[in-house]
Amino acid sequence: MIDIKSLTLEELTEEIKALGEKAFRAKQMYEWMHVKLVRDFDEMTNVSKAFRDVCREHFSFTSLEAIRVQESAIDGTKKFLFALEDGNVVESVWMKYKHGNSVCISSQVGCRMGCRFCASTLDGLERSLRPSEMLDQIYAITKLTGERVSNVVVMGTGEPLDNYDNLLRFIQLLTDDNGLHISQRNLTVSTCGIVPNMRRLADEKLQITLALSLHATTDEKRRKLMPIANKYSLIELMEACAYYFEQTGRRLTFEYSLVGNVNDTDEDVRELIDLIKPLNCHVNLIPVNPIEERDYVESTHERVVNFKNKLEKNKINVTIRREMGRDIDGACGQLRRRHTLEGAR
Ligand code: SAH
């Protein structure tokens with residue numbers, strides 16, 4: 001069956017016409033799904049009961065069930081655990097900032113990238129999410145909070161560039177002016193650095209922000225933290241970043257998770273400056289959120305501040321990521337993992 005919420009308006013129009021309905025019906029249905037955020041054909045009240053029945057036979061209609069919601073007592077961040085139709089679960093995070101609400105979504109069920117400090121990858125990849133299932137996380141949260149989402153970051157579980165075609169279609173639907181119409185500039189996609197797909201993305205010439213999870217400044221160190229570094233060298237990675245900027249004019253973000261005594265020394269920051277100085281970029285420092293399964297520890301506050309100051313002295317734009325929702329399994333994949341482990345007991 002065709003996944004109706006993953007169709008563009010043009011594609012939906014063709015489908016609806018093939019079923020013997022007028023084209024304007026597709027526009028109405030698209031609006032029900034992507035603006036009014038309905039969860040079922042039966043909520044489409046200006047579509048006849050007979051045609052809704054026809055649609056049910058032809059299309060599948062994804063929708064998520066919130067099975068757990070945790071709210072941070074510290075900052076109001078909410079973490080949602082959603083069940084997909086096939087029983088898999090994904091997590092998404094809602095964060096309230098002064099400049100608007102931001103949602104962090106997952107792009108896959110699990111992940112196969114194997115980054116050493118990350119909880120999402122411990123059980124490997126189950127499957128990739130469909131475009132509709134990525135949209136659904138935003139739609140469900142909009143409905144549950146009753147507030148408009150202004151920013152979307154694809155930084156939850158999964159590697160978005162390992163689900164390239166679905167990611168692209170998701171972006172097209174999310175930014176479509178017949179849908180929620182979120183601006184490309186308010187969308188960030190974070191990658192561990194799949195070089196060929198970073199270049200492909202650059203060639204799409206979108207106005208989204210690309211965030212690269214760097215985390216180390218030499219190939220040797222990076223390989224210890226991130227298996228993907230065995231495939232692509234830092235030089236290739238930096239060239240791909242420069243290419244992204246050339247093609248899109250968009251400043252890159254480098255994410256750097258600070259792990260105590262692993263990548264947070266003076267030498268590390270010096271090397272980081274040398275590596276990224278030539279690029280138009282922004283650095284996001286993330287104090288590592290330790291997971292039980294690994295023995296990595298957070299950098300001391302002093303080291304974090306030292307890192308930030310040294311970057312700033314070198315005129316590199318830097319922020320320390322606010323540690324949102326740390327009391328509610330804020331780090332990638334932790335809530336889903338807890339859920340899976342509890343289920344297994
Ligand atoms: N696969 C993508 C997006 C998911 S993770 C990527 O690798 O970029 C979003 C960011 O959080 C990445 O920079 C990731 O390396 C980082 N991250 C994952 N687990 C973390 C943890 N326990 N502590 C700090 N940062 C973490």
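Quick caveat: nothing in here was measured; it's all calculated off a predicted structure. As the structure lists them, so they are numbered: ligands from 1, and atoms in each ligand from 1.
Near Gly156, meaning under 4.0 Å from one of its heavy atoms, ligand 1 places the atoms 4 (C). Near Glu255, meaning under 4.0 Å from any of its heavy atoms, are these atoms of ligand 1: 10 (C), 12 (C), 13 (O). Within the listing of ligand 1, atoms 4 (C), 5 (S), 9 (C) sit less than 4.0 angstrom from a heavy atom of Met155. In the vicinity of Gly158, heavy-atom distances shorter than 4.0 Å reach the ligand 1 atoms 1 (N), 2 (C), 3 (C), 4 (C). Here is the list of ligand 1 atoms found below 4.0 Å of a heavy atom in Asn289: 21 (C), 22 (N), 23 (N), 24 (C).
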Item checked: Audit row: Arg200, Asp165, salt bridge (Lys or Arg N to Asp or Glu O under 4.0 Å) steps and yes/no -> CA-CA 11 Å; Arg200 252 173 103 188; Asp165 293 338; 3.3 Å; yes
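Taking each of Met113, Glu159, His215 in turn, the one with a heavy atom nearest to atom 14 (C) of ligand 1 proves to be His215. Counting heavy atoms only, Ser190 comes closest to atom 3 (C) of ligand 1 of the residues Ala119, Ser190, Cys118.
Looking at Ser128 and Gln108, their side chains do bring a donor and an acceptor atom within 3.5 Å of each other.
Proximity of the aromatic rings of Tyr256 and Phe254 is defined here by a centroid distance below 6.0 angstrom, and this criterion is not met.
To the nearest 0.5 Å, atom OG1 of residue Thr8 and atom CZ of residue Arg169 are 6.0 Å apart.
Residue contacts with ligand 1 for Thr191 involve N, CA, C or O but no side-chain atom from C-beta outward (heavy atoms, distance under 4.0 Å). The backbone and the side chain of Cys192 each have at least one atom closer than 4.0 Å to an atom of ligand 1 (non-hydrogen atoms only).
Of all the heavy atoms in Val38 and Lys143, the pair that sits closest is CA-NZ, 4.5 Å.
Residue Pro160 has no N or O atom closer than 3.5 Å to an N or O atom of ligand 1.
A side-chain donor-acceptor contact under 3.5 Å links His215 to the backbone of Ser257.
Here Lys36 does not pair with Glu43 in a salt bridge; the nearest charged N to carboxylate O distance is not below 4.0 Å.
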